[in-house]
Amino acid sequence: MADDDDKLARIVEARMKLRERWKDRMHATPSLADGEPMGTGPTNRHGMPQLPPDQYETKKWPVLDLGVKPEIPTSRWSLAVDGAVKKPVTLAWNDLLALEQLEDTSDFHCVTKWSKMNMRWRGVRLGDVLALAEPDDDAHFLMCHGHDGYTVNLPLEEALKPDVLLAHTVDGAPLAVEHGGPCRVITPQLYAWKGAKWVTRIELMREDKLGFWEERGYSNTAYPWRNDRYS
Ligand SMILES: Nc1nc2c(c(=O)[nH]1)N[C@H]1C(S)=C(S)[C@@H](COP(=O)(O)O)O[C@H]1N2
Ligand SMILES: [Mo]
């Protein structure tokens, strides 16, 4: 128990250091710097139902992917964090569950214009998992790899935002396979393609590299509140 407490305290400290280093850049990016709306979710939407430009609300949750839906039992699940880091780590399912679990309600905006509002996610902050691996000082980007071969890049300052989760539960139920279960990334302040389903590897990078959709003309920044869909 004391060991676990120590470990949690170390992670919190590492996360705070990482966020401290990135604070200015996080606030310089429009999803947080725009006065109103600040982002998504009832809290930072000020409780108002509000959609980004040209989005419509759907109650259903469409499935969008490359056509492969890998079945990954939690017993075989793992997530590697490597690349420009001091301590490459590979988490097993129990390691993920041993990290601080949090719940956050946020919205899910697809570039194809549907938004699903008020999704109650449960999981681990991506920032905590990145902090475990101790990114190098010059690591500014990451590439998330999905089990289906999908790739998506993110700047570190977006990945560290507190509502970016490695999510395993949504609206009280385990995340379904077609939505990326057992675990996916969500990026509520960016279009949903920025969140890799079935994430297996997160690679820290010094230089930016384009992911699957970014190479095919999607915006590299992907801010829903700026209607920032295509490059
Ligand atoms: N591994 C993986 N993740 C992925 C994708 C994919 O094809 N493979 N598609 C992305 C796209 S384009 C969108 S819009 C969202 C869709 O998530 P959903 O199917 O749960 O609605 O997942 C994103 N994450
Ligand atoms: Mo998408």
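These numbers come from the heavy atoms of this one structure, side chains and all, not from hydrogens, waters or symmetry mates. Each ligand, and each atom within it, is numbered from 1 in the order the structure gives.
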Which protein heavy atom lies closest to [atom], and at what distance to 0.1 Å?
atom                   : result
atom 8 (N) of ligand 1 : Asp148 OD2, 2.7 Å
atom 6 (C) of ligand 1 : Tyr150 CD1, 3.4 Å
atom 7 (O) of ligand 1 : Asp65 CA, 3.0 Å
atom 3 (N) of ligand 1 : Lys197 N, 2.8 Å

What atoms of ligand 1 come closer than 4.0 angstrom to any heavy atom of [X]?
X      : value
Leu66  : 7 (O)
Pro62  : 18 (P), 19 (O), 21 (O)
Ala192 : 15 (C), 22 (O), 23 (C)
Cys110 : 14 (S)
Gly195 : 4 (C), 22 (O), 23 (C), 24 (N)
Arg184 : 15 (C), 17 (O), 18 (P), 20 (O), 22 (O), 23 (C), 24 (N)

Can you confirm whether the side chains of [X] and [Y] place a donor and an acceptor under 3.5 Å from each other?
X      : Y      : result
His109 : Ser115 : yes
Arg229 : Asn227 : yes
Trp114 : Thr112 : yes
Asp163 : Ser106 : no
Glu157 : His140 : no

With backbone taken as N, CA, C and O and side chain as the heavy atoms from C-beta onward, which portion of Phe212 lies under 4.0 Å from ligand 1: side chain, backbone, both, or neither?
neither

Would you say ligand 1 has an N or O under 3.5 Å from any N or O of [X]?
X      : answer
Trp193 : no
Phe108 : no
Trp198 : no
Leu64  : yes
Ala196 : no

Which atom names give the shortest non-hydrogen contact between Ala167 and Trp121, and what distance separates them?
CB-CE3, 3.5 Å

Hydrophobic cluster membership, with links at side-chain heavy-atom distances under 4.5 Å among I/L/V/M/F/W/Y: are Leu160 and Val185 in one?
yes

Report yes or no: does a heavy atom of [X] sit under 4.0 Å from some atom of ligand 1?
X      : answer
Lys194 : no
Gly180 : no
Trp114 : yes
Trp213 : yes

Carboxylate-amine/guanidinium proximity below 4.0 Å for [X] and [Y]:
X      : Y      : result
Arg206 : Asp136 : yes
Arg21  : Asp137 : yes
Arg15  : Glu100 : yes

Relative to Phe212, does Arg216 satisfy both conditions: NZ or CZ under 6.0 angstrom from the six-membered ring centre, and within 45 degrees of the ring's axis?
yes

Determine whether more than 12 heavy atoms belonging to other residues, nucleotides or ligands lie under 6.0 Å from atom NE2 of His147.
no

